[in-house]
Amino acid sequence: MIQLSLIGIGTGNPDHVTREAQAAMDAADLILIPLKGEDKADLAGLRLRICRACVTNPATRIETFALPVRDPANPDYLARVSDWHDAIAARWEGAMRAHLASGGGPRVALLVWGDPSLYDSSLRIAARVGQRLPLALTVIPGITAIQMLCAAHAIPLNDLGAPVTITTGRALRRDGWPAGASTVVVMLDAGGAFAALDPAGVTIWWGAYVGMAEQMLRAGPLAEVQDEILATRAAARAAQGWIMDIYLLRRG
């Protein structure tokens with residue numbers, strides 16, 4: 001049986017890896033690192049940097065695998081993502097079986113940005129693998145981009161006694177401001193979904209590469225800073241080849 005650990009590693013800063021996460025890395029026989037293509041090579045590099053900083057066990061093997069690409073021809077978003085998860089699960093399974101066949105131990109780990117529970121599909125992919133390969137699953141929580149964004153801006157996540165809605169850029173662009181929400185956190189935005197909103201009375205706290213050396217922060221009334229954020233985001237993506245950003249919107 002494979003003992004699979006999904007390890008939350010925060011937002012790319014080795015200092016934010018918990019002691020529990022480091023112990024799980026050291027206990028692994030194999031750590032799998034996905035390669036997402038040349039334009040996102042730095043993402044694999046960041047995982048490898050974290051491994052170099054945190055893994056002290058010389059017996060732990062670190063291997064990369066090519067991550068499949070989503071089919072852009074399928075117009076059904078959910079079906080497209082489901083097919084993609086099936087393909088990733090097949091890569092995980094193949095890597096694990098090859099590791100076992102070579103005499104490797106059963107403890108396998110994958111490093112997950114932020115926390116495995118929040119807008120990450122590693123748990124869903126692990127469930128697919130578990131249908132074909134016996135798995136004992138352990139989840140190690142990590143610092144989320146939401147925590148890092150609030151810490152970087154020194155703001156509370158919620159208004160006093162008020163709820164928080166966490167959504168995606170796709171949903172914000174499609175559905176507008178969530179009903180009944182005073183605070184909205186937006187993740188997985190391909191770029192500028194906030195521009196589809198009426199900016200009146202809305203304040204934004206935006207961050208890219210939060211918690212990393214490249215961190216960028218902007219905040220202010222949405223009507224005043226949205227163009228600057230869009231320009232900053234585009235320039236950063238062009239310079240780095242990739243971008244991870246997140247923002248909090250508040251009305252009133």
Worksheet item: Does Q3 reach the main-chain N or O of A136 with its side chain, forming a donor-acceptor pair under 3.5 Å?
Response: no

Practice prompt. Mark yes or no for whether H153, through its side chain, and A219, through its backbone, hold a donor-acceptor pair below 3.5 Å.
Written response: no

Worksheet item: Do any N or O atoms from the side chain of S121 and from the backbone of R124 form a donor-acceptor pair under 3.5 angstrom?
Response: no

Worksheet entry | Polar side chain donor-acceptor pair, R250 to T183, under 3.5 angstrom | yes

Worksheet item: side chain to side chain donor-acceptor pair (under 3.5 Å): which pairs involve residues 202-217, sequence neighbours left out?
Response: W206-D245

Response to the item:
So CD1 of I143 and NE2 of H16: to nearest 0.5 Å the spacing works out to 5.5 Å

Discussion item. For residues L137 and M96: do they belong to one hydrophobic cluster (side chain heavy atoms under 4.5 Å, members Ile, Leu, Val, Met, Phe, Trp, Tyr)?
Written reply: yes

Discussion item. To the nearest 0.5 Å, what is the distance between CE on M187 and CD1 on I246?
Written reply: 4.5 Å

Worksheet item: How many angstroms lie between OG1 in T64 and CD1 in I31, if you round to the nearest 0.5 Å?
Response: 13.0 Å

Item to complete: Sequence neighbours left out, what pairs pass salt bridge (charged side-chain N to carboxylate O under 4.0 Å, His left out) with at least one residue falling in residues 184-194?
Response: R173-D189

Worksheet, complete the sentence: For residues 132-146, the side chain to side chain donor-acceptor pair (under 3.5 Å) pairs (sequence neighbours left out) are E93-R132, T144-Q147

Fill in: Test side chain to side chain contact (heavy atoms under 4.5 Å, CB included) applied to R61 and H99, step by step
CA-CA 10 Å; R61 293 169 54 186; H99 171 71; 3.3 Å; yes

Worksheet item: What is the minimum heavy-atom distance between P141 and E20, and which atoms define it?
Response: CD-OE1, 4.0 Å

Item to complete: Show the numbers, then the answer: is there a side chain to side chain contact (heavy atoms under 4.5 Å, CB included) between C51 and I33?
Response: CA-CA 10 Å; C51 287; I33 305 288; 4.3 Å; yes

Item to complete: Would you please test T232 and R218 for side chain to side chain contact (heavy atoms under 4.5 Å, CB included) and show each step?
Response: CA-CA 9 Å; T232 300; R218 299 290 187 276; 3.7 Å; yes

Worksheet entry | Any donor-acceptor N/O pair, W177 side chain to A181 backbone, under 3.5 Å | yes

Discussion item. I'd like to know whether L67 forms a side chain to side chain contact (heavy atoms under 4.5 Å, CB included) with L35, so could you lay out the CA-CA distance, the side-chain angles of the two residues, the decisive distance to 0.1 Å, and finally the verdict.
Written reply: CA-CA 6 Å; L67 198 68; L35 298 176; over 6 Å; no

Discussion item. Test of understanding: with side chain to side chain donor-acceptor pair (under 3.5 Å), list the residues that count as partners of D26, not counting sequence neighbours.
Written reply: T56

Fill in: Pair listing, side chain to side chain donor-acceptor pair (under 3.5 Å) test, anchored in residues 70-82, at least two apart
S82-R128

Response to the item:
CD (Q226) and CG (L197) are apart, to the nearest 0.5 Å, by 8.5 Å

Practice prompt. Could you tell me the separation between the CG atom of L110 and the CD1 atom of I7, rounded to the nearest 0.5 Å?
Written response: 8.5 Å

Discussion item. Please determine whether residues I140 and I50 belong to a single hydrophobic cluster, defined as Ile, Leu, Val, Met, Phe, Trp and Tyr linked transitively by side-chain heavy-atom distances below 4.5 Å.
Written reply: yes

Worksheet item: Considering the options T167, I166, T165, which one meets the side chain to side chain contact (heavy atoms under 4.5 Å, CB included) requirement together with V186?
Response: T167

Discussion item. What's the separation between atom CZ in R52 and atom CD1 in I62, rounded to the nearest 0.5 Å?
Written reply: 8.5 Å

Worksheet item: Can you name the residues that form a side chain to side chain donor-acceptor pair (under 3.5 Å) with T18, not counting sequence neighbours?
Response: none

